[in-house]
Novice: 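Have a look at the structure that comes next, please.
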Amino acid sequence: MNDIVRTNKALAPARGLANANMLWIPGGTFLMGSNDHYPEEGPAHRVSVSGFWMDQHAMTNKEFRRFVDTTG
């Protein structure tokens with residue numbers, strides 16, 4: 001396996017609950033783990049993830065609690 005990342009170039013969805021301080025991270029497929037280092041890191045395998053919104057900056061526990069309370 002190689003570690004080249006293949007991403008979904010689809011446009012970001014409407015922001016909805018995302019705000020201006022968030023960035024769209026496109027989904028893709030990547031190689032997770034390793035066959036060459038620690039045993040608990042293997043085996044290397046392909047993983048696909050959907051795109052998601054992520055804050056550009058760190059969030060405090062209080063801010064995260066407000067988010068969880070608001071969004072369920």
Side-chain angles (χ1 to χ4, degrees):
M1 285 190 216
N2 60 43
D3 58 358
I4 294 175
V5 174
R6 185 173 40 103
T7 61
N8 179 349
K9 301 282 186 184
L11 297 175
R15 282 190 183 270
L17 293 175
N19 65 41
N21 294 321
M22 297 180 102
L23 296 173
W24 175 250
I25 308 299
T29 301
F30 67 98
L31 188 61
M32 182 173 171
S34 173
N35 294 324
D36 302 321
H37 299 287
Y38 302 105
E40 63 271 15
E41 294 179 349
H45 59 285
R46 292 199 181 283
V47 175
S48 294
V49 296
S50 300
F52 56 93
W53 289 102
M54 178 180 272
D55 276 331
Q56 295 182 48
H57 308 286
M59 175 181 282
T60 66
N61 287 340
K62 184 178 180 179
E63 291 169 326
F64 183 67
R65 169 53 56 198
R66 188 170 53 236
F67 166 78
V68 171
D69 291 344
T70 301
T71 63

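Sequential numbering from 1 along the given sequence is applied to the chain's residues. It should be emphasised that the depicted structure is a prediction, and the values quoted were computed from it without experimental measurement.
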Novice: How many angstroms lie between NE2 in H45 and OG in S34, if you round to the nearest 0.5 Å?
Specialist: 12.0 Å
Novice: Going by the rule side-chain hydrogen bond (donor to acceptor under 3.5 Å, both in side chains), which residues pair with R66 if we only count those two or more places apart in sequence or in a different chain?
Specialist: none
Novice: Show which residues join Y38 in its hydrophobic cluster (side-chain heavy-atom contacts under 4.5 Å, direct or indirect), or state none.
Specialist: none
Novice: Can you find a pair of side-chain heavy atoms, one from M54 and one from I25, that are under 4.5 Å apart?
Specialist: yes
Novice: Take a 6.0 Å sphere around CE of M32 and say whether it holds more than 12 heavy atoms from other residues, nucleotides or ligands.
Specialist: no
Novice: Kindly compute the distance separating CG (D55) from CD (E63), expressed to the nearest 0.5 Å.
Specialist: 8.0 Å
Novice: Look at atom CG of D69 and say whether more than 12 heavy atoms of other residues, nucleotides or ligands are closer to it than 6.0 Å.
Specialist: yes
Novice: So which heavy atom on A44 is nearest to which on L31, and how close?
Specialist: CB-CD1, 4.0 Å
Novice: From W53 CH2 over to M22 CE, what is the distance, rounded to the nearest 0.5 angstrom?
Specialist: 8.0 Å
